[in-house]
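Let me begin by presenting the structure, written as C-alpha cells, before commenting on it.
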Amino acid sequence: MNNKLITPPDFTPSEDEIKVMSGPDAGLHDSIYELPVGPELPDAVRELYELAREWDQTTFYITPLQGVSPAEGQRLFAPFRKLYNVRFPKEYLADE
C-alpha cells in the first residue's frame with residue numbers, strides 16, 4: 001500500500017489542506033468538507049470530486065465516514081484514485 005496516499009490518524013488541516021469527514025451540512029466549512037451520510041452521499045461525493053479536481057493545489061484528506069463500510073468507501077472514492085491531491089483512510093484503499 002502506498003503510504004503517500006494515506007490520511008494520517010487524527011489529521012488536522014493546515015493551509016492548502018482540507019479534511020473530508022461526515023457532517024450534517026454538505027460542503028466546505030473553513031478547512032473542513034462535510035459529507036452527509038445517507039441518500040445524498042453519492043451526489044455529495046461527486047461534487048467533492050469536481051472540487052478536488054478543480055482545486056489541484058489543495059490536498060484533500062478523506063477520513064473514514066460514519067456508517068460507511070470499507071467496501072462502500074472504496075467504491076465511492078474509486079474515481080479519486082486518479083487525482084494526485086487526495087489522501088484516503090487505509091480502510092478505503094484496496095490492497096495494492
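- With values rounded to the nearest 0.5 angstrom, Glu47 atom CD is found 9.5 Å from Glu50 atom CD.
- Annotation: side chain of Arg53 is in contact with side chain of Leu83 (closest heavy-atom distance under 4.5 Å).
- At a cut-off of 3.5 Å, with distance as the only test, a side-chain donor of Glu17 or Ser14 sits close to an acceptor on the other residue.
- The main-chain N or O of Thr63 is never found under 3.5 Å from a side-chain atom of Lys19 such that the two would form a donor-acceptor pair.
- For the atom pair CG of Leu5 and OH of Tyr61, the computed distance is 11.0 Å after rounding to the nearest 0.5 Å.
- In this structure Phe80 satisfies the ring pair (Phe, Tyr, Trp, His ring centres under 6.0 Å) test together with Tyr49, Phe77, sequence neighbours excluded.
- For the atom pair Leu28 CG and Ile18 CD1, the distance stands at 5.0 Å (nearest 0.5 Å).
- When the side chains of ILVMFWY residues are joined at heavy-atom separations under 4.5 Å, either directly or via intervening members, Phe60 and Ile32 end up in two distinct hydrophobic clusters.
- In this structure, Arg81 CZ and Gln74 CD are separated by 8.5 Å, a value rounded to the nearest 0.5 Å.
- From Phe11, atom CZ reaches atom OG1 of Thr59 across 8.0 Å, with rounding to the nearest 0.5 Å.
- In Asp30, the CG atom is not crowded: 12 or fewer heavy atoms of neighbouring residues, nucleotides or ligands sit closer than 6.0 Å.
- We find the CG-CZ distance between Leu76 and Arg46 to be 9.0 Å, quoted to the nearest 0.5 Å.
- Put simply, the side chain of Glu34 gets close to the backbone of Asp25: a donor and an acceptor are under 3.5 Å apart.
- When the shell of 6.0 Å around CD of Gln66 is examined, it contains 12 or fewer heavy atoms from other residues, nucleotides or ligands.
- Take Ser31 and apply the side chain to side chain contact (heavy atoms under 4.5 Å, CB included) test, not counting sequence neighbours, and it matches Pro13.
- Here the options are Ile6, Val68, Ile62, the test is side chain to side chain contact (heavy atoms under 4.5 Å, CB included), and the partner is Pro89; only Ile62 passes.
- Judged by distance alone, the side chain of Asn85 and the main-chain N or O of Ala52 form a donor-acceptor pair under 3.5 Å.
- Put simply, the side chain of Tyr92 gets close to the backbone of Leu65: a donor and an acceptor are under 3.5 Å apart.
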